[in-house]
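What follows is a set of notes on a single structure, which appears directly below.
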Amino acid sequence: MTAELRLRAEVARAARAIGAPDGFAPALDRPRDPSHGDWATNAAMALAKPLGKKPQDIAKALLAAMDPAAAGVAESSIAGPGFINFRLDSGHLASGLMAVLEQGAEFGRNSTGSGKPVNVEFVSANPTGPLHVGHGRQAALGDAIASLLAYGGWNVTREFYYNDGGGQIERLRDSVYAHIAGIPLAADQYHGEYVKDVATACVADLAAARGLTAAAVTALVRANWASDSALRDAVRMFAVAALRAEQDADLRAFGVKFDVYYLESSLYTEQRVAETIEALKAAGHAFMEDGALWLRTTDFGDDKDRVMVRSAEKGGEPTYFVPDVAYHVTKWKRGFTRAIDVQGSDHHSTVTRVRAGLQALEMGIPKGYPEYVLHQMVTVMRSGEEVKISKRAGSYVTVRDLIDEVGRDAVRYFFIMRKGESQLVFDVDLARSQSEDNPVYYIQMAHARLSGIFRVGNIDPATITGAGVAWDTLSQPEERELVKALLDWPSLVAGATEALEPHRVANWLLETARTVHLWYHKHHVLDEPPEIMTARLALAKASRIVLANALGVLGISAPERM
RNA sequence: GCGCCCAUAGCUCAAUUGGAUAGAGCAUUUGCCUUCGGAGCAAAGGGUUGGGGGUUCAAGUCCCUCUGGGCGCACCA
């Protein structure tokens with residue numbers, strides 16, 4: 001049992017002894033100011049109403065009823081409006097490190113998810129160009145959320161949804177055609193350098209497939225484009241395949257792996273769009289107006305109704321939101337009782353719509369399904385100026401540009417360090433700097449320094465088991481703070497998982513790295529008396545383990561040396 | 001005009017999800033220090049948490065309102 005649980009149990013027992021109602025669960029928190037103590041409880045304030053007494057009096061009675069020894073409490077005090085502060089005995093506190101040393105890479109994991117399936121959909125870029133910074137933020141955020149959930153015992157599926165249908169794919173196809181035919185691009189077509197590369201590769205591919213020269217293919221495309229739909233399809237499919245391969249390469253460079261790639265086009269070929277339309281009609285929430293088929297999404301909280309199938313003069317095709325609904329139906333039917341979509345906040349209007357569509361089907365899908373994690377835009381800064389232009393993509397900066405320039409670890413950290421709903425400034429100069437101003441460098445440095453202790457001392461970390469350590473020797477303020485930070489990891493990561501907020505892990509890492517550096521600067525490990533050295537080696541190893549675990553969740557490496 | 005999000009030190013951001021005197025880093029000022037181990041360490045100044053109102057033992061956090069910013073409001077995706 002951890003010191004925290006022991007203390008909580010003892011407070012609860014004492015509370016009952018002085019008349020707290022059944023089921024009363026006192027809250028234990030870290031005081032903001034460590035000088036107040038290691039833990040604080042608001043029990044006295046929470047009991048003020050049910051017991052009809054002043055918080056101060058309840059606090060006194062509560063303390064009198066407690067057995068400090070049973071809870072490992074060295075001293076306690078009543079403060080402010082009725083907080084009770086506890087300072088744990090150093091030995092009790094530090095002995096919590098045994099759990100870290102015993103569990104190693106497992107320390108911090110929990111089983112909240114109990115193996116239940118969850119689908120995390122992210123990136124989901126249209127295959128019309130390289131991944132840009134926004135996708136990068138989404139990749140880092142989505143991957144970290146997925147890792148957090150896996151860490152919390154969920155059975156996670158990472159999914160990428162390809163919008164390989166619709167108007168933008170035709171624009172891509174026609175952009176490639178324009179390059180092949182040598183005609184100027186229209187304003188709404190794709191202007192990046194990469195389109196030219198795709199066009200060149202496409203000509204070579206067609207030439208090989210048809211046994212023609214490149215010049216002959218060019219002439220053929222130019223002559224038959226309007227009349228030959230098979231040719232147009234061939235160009236479209238080549239372009240989509242080429243850009244999917246391109247995006248895959250970007251994601252590999254970023255170290256993100258997906259379990260499922262779901263193609264929007266398959267929703268049409270497998271009749272799922274048609275089935276969804278029929279089901280919505282059957283459920284009675286559809287109506288005809290102006291020649292189009294509408295869904296009454298206003299019945300489910302939308303501010304206006306939405307067209308499902310366009311009128312004949314507009315082409316008679318389903319609008320994009322129908323496949324979106326059909327897609328989420330497949331998630332539900334595939335057994336994902338929980339689904340999380342990570343998207344840019346510019347897509348926030350789809351949230352209500354998709355949920356409305358799912359509700360309108362009346363098939364027992366919960367109202368809040370799917371959950372959404374939205375994130376704001378990214379601004380890339382270099383030398384104090386906003387960067388907007390990439391050589392490859394033209395009008396935007398690509399993920400690859402960033403990874404090439406500052407490395408995968410820094411890109412991941414910078415994308416995760418801010419709350420999703422706040423705007424993010426990506427400072428390229430800071431991200432690439434090899435100094436302690438750079439948070440990634442600072443955190444990794446902490447891990448490397450801890451590793452260095454073992455290297456320099458020529459000590460195999462595997463021999464440090466915590467057995468026989470005199471834990472009460474870890475009584476320096478910096479040591480106590482470090483121990484507390486490490487032991488907070490499980491509850492911190494659990495909170496970050498519940499809130500789907502990986503930035504908490506990033507912030508915690510930075511704080512904890514600072515605590516490590518402070519300790520490291522103030523206290524030596526090697527060449528100390530054996531009892532102190534043994535205890536500090538245990539602390540160093542535990543710190544190394546927890547830092548590595550946290551970095552691992554964010555997909556960032558924990559280097560042995562830098 | 002409507003909807004969603006945001007607003008915290010000069011700058012970039014935290015704040016244990018409603019807890020105590022709102023904290024870090026950078027920048028500024030001052031003083032130490034010279035490596036198991038790579039310029040660090042210690043301290044100071046800097047705030048009406050955008051304005052106003054409300055809810056309660058307690059509000060940066062919840063509610064209302066105003067201001068300012070981002071995004072979205074297609075028979076585009």
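Proteins get letters first, then strands, A, B, ... in listed order; numbering begins at 1 in each.
Remark: the A/Asp409 side chain and the A/Gln444 side chain contain an N/O donor-acceptor pair separated by less than 3.5 Å. Side-chain contact, A/Gln138 with A/His375: a donor N or O sits under 3.5 Å from an acceptor N or O. For A/Asp341 and A/His328, the side-chain atoms include at least one donor-acceptor pair closer than 3.5 Å. There is a side-chain donor-acceptor pair under 3.5 Å between A/Arg449 and A/His517.
One atom, CG of A/Leu450, and another, C1' of B/G37, lie 11 Å apart when rounded to the nearest Å. Straight-line distance from the NE2 atom of A/His348 to the P atom of B/C73: 8 Å, rounded to whole Å. Atom pair A/Met533:CE and B/G37:P shows a separation of 14 Å (rounding to whole Å applied). One interatomic measurement links the two molecules: NE2 of A/His347 to C1' of B/C76, which rounds to 11 Å at whole-angstrom precision.
The separation of B/G1 from B/G45, taken at their P atoms, amounts to 46 Å, rounded to a whole angstrom. Here the separation of B/A20 from B/G70, taken at their P atoms, is 34 Å to the nearest Å. Going from the P atom of B/A44 to that of B/A22 covers 15 Å, rounded to whole Å. When the C1' atom is used for both B/U61 and B/G23, the distance is 15 Å, rounded to whole Å. Separating the C1' atom of B/C71 from that of B/C63 is a span of 24 Å, rounded to the nearest Å. Distance noted for atom P between B/A7 and B/U16: 13 Å (whole Å). Between the P atoms of B/U8 and B/G47, the separation comes to 15 Å (whole Å). A distance of about 36 Å separates the P atoms of B/G51 and B/G40, rounded to the whole Å.
Figure legend: A/Arg296 and A/Phe287 shown as a cation-pi pair, the cationic atom lying under 6.0 angstrom from the six-membered ring centre and within 45 degrees of its axis. Stacking of A/Arg30 on the aromatic ring of A/Trp39 is recorded, both the 6.0 Å distance cut-off and the 45° axial limit being met. For the pair A/Arg244 and A/Tyr162, the distance from NZ or CZ to the six-membered ring centre is under 6.0 Å and the angle to the ring normal is within 45 degrees.
Comparing B/A77, B/U16, B/G37 by their nearest atom to the side chain of A/Asn163 picks out B/A77. Side-chain proximity of A/Ser311 to B/C75, B/A15, B/C57: nearest is B/C75. Counting only heavy atoms from C-beta on, A/Phe83 has its side chain closest to B/A20 among B/A77, B/A20, B/C57. Side chain of A/Trp294, nearest nucleotide from B/C75, B/G70, B/A77: B/C75. Picking from B/A24, B/C57, B/C71 the nucleotide with the shortest atom distance to the side chain of A/Asp346 gives B/C71. Comparing B/C36, B/A77, B/A74 against the side chain of A/Tyr320 picks out B/A77 as the nearest.
Heavy atoms of A/Arg418 sit under 4.0 angstrom from primed sugar atoms or phosphate atoms, though from no base atom. Residue A/Ala27 is classed as having no contact, given no heavy-atom separation below 4.0 Å to the nucleic acid. Using a 4.0 Å heavy-atom cutoff across all strands shown, A/Lys522 reaches no nucleic acid atom at all. Residue contacts for A/Glu501: at a heavy-atom cut-off of 4.0 Å it reaches a base atom on one of the strands shown. Looking at heavy-atom distances under 4.0 Å, A/Gly452 makes no contact with the nucleic acid at all. Residue A/Ala48 is out of contact with every strand shown, counting any heavy-atom pair closer than 4.0 Å. Within 4.0 Å (heavy atoms only), A/Val309 reaches no atom of the nucleic acid at all. Residue contacts shown for A/Ser349 are limited to sugar-phosphate atoms, with no base heavy atom under 4.0 Å away. A/Met562 comes within 4.0 angstrom of a nucleotide base, judged by non-hydrogen atoms across all strands. Among the atoms of the strands shown, base atoms are found under 4.0 Å from some heavy atom of A/Asp290. As judged by a 4.0 angstrom heavy-atom cut-off over every strand, A/Tyr441 is placed among the base-contacting residues. Contacts of A/Pro55 with the nucleic acid, taken as non-hydrogen atoms under 4.0 Å apart, are absent. Contacts of A/Asp29 with the nucleic acid, taken as non-hydrogen atoms under 4.0 Å apart, involve only primed sugar atoms and P, OP1 or OP2.
To the nearest 0.5 angstrom, A/Thr512 atom OG1 is 11.0 Å from A/Glu481 atom CD.
Remark: A/Arg310 is in phosphate contact with B/C76, judged by side-chain N or O atoms under 4.0 Å from OP1 or OP2.
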Between the protein and nucleotides 5-7 of chain B, are there any N/O to N/O pairs under 3.5 Å, and if so, what are the atom names and distances?
unit_1	atom_1	unit_2	atom_2	d
B/C5	O2'	A/Gln376	NE2	3.3
B/C5	O2'	A/Glu421	O	3.3

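You'll find the ring centres of A/Tyr327 and A/Tyr161 inside the 6.0 Å limit.
Of the candidates A/Asp324, A/Val325, A/Leu267, A/Leu267 is the only one forming a side-chain contact (heavy atoms from CB on, under 4.5 Å) with A/Val273.
With sequence neighbours excluded, the residues forming a side chain to side chain contact (heavy atoms under 4.5 Å, CB included) with A/Ala239 are A/Leu172, A/Val176, A/Val198, listed by chain and number. Contacts of A/Val387 classified as side chain to side chain contact (heavy atoms under 4.5 Å, CB included), with partners at least two apart in sequence or in another chain: A/Val380, A/Arg382, A/Val397. Not a single salt bridge (Lys or Arg N to Asp or Glu O under 4.0 Å) links A/Glu317 to another residue, sequence neighbours left out.
Dense packing is recorded around CE of A/Met562, with more than 12 heavy atoms of other residues, nucleotides or ligands lying under 6.0 Å away.
Of the two residues near RNA chain B, A/Ala499 and A/Ala312, the one whose nearest nucleotide lies more 5' is A/Ala499. Comparing A/Met445 and A/Ala40 by the nucleotide of RNA chain B that holds the closest heavy atom to each, the one mapping nearer the 5' end is A/Ala40.
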**Message:** Treating primed atoms plus P, OP1 and OP2 as sugar-phosphate and everything else as base, which nucleotides of nucleotides 39-44 of chain B get B, S or - for protein heavy atoms under 4.0 Å?
**Reply:** -S-S--
**Item:** 5'-to-3' dot-bracket of RNA chain B (Watson-Crick, G-U; under 3.5 angstrom; crossing pairs as [ ]; | other strand)
**Value:** (((((((..((((.....[...)))).(((((.......))))).....(((((..]....))))))))))))....
**Request:** May I have the step-by-step check of salt bridge (charged side-chain N to carboxylate O under 4.0 Å, His left out) for A/Asp302 and A/Arg355, ending in yes or no?
**Result:** CA-CA 9 Å; A/Asp302 205 355; A/Arg355 285 179 178 166; over 6 Å; no
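Within 3.5 Å, a donor on the side chain of A/Asn85 pairs with an acceptor on the base of B/A20, or the reverse.
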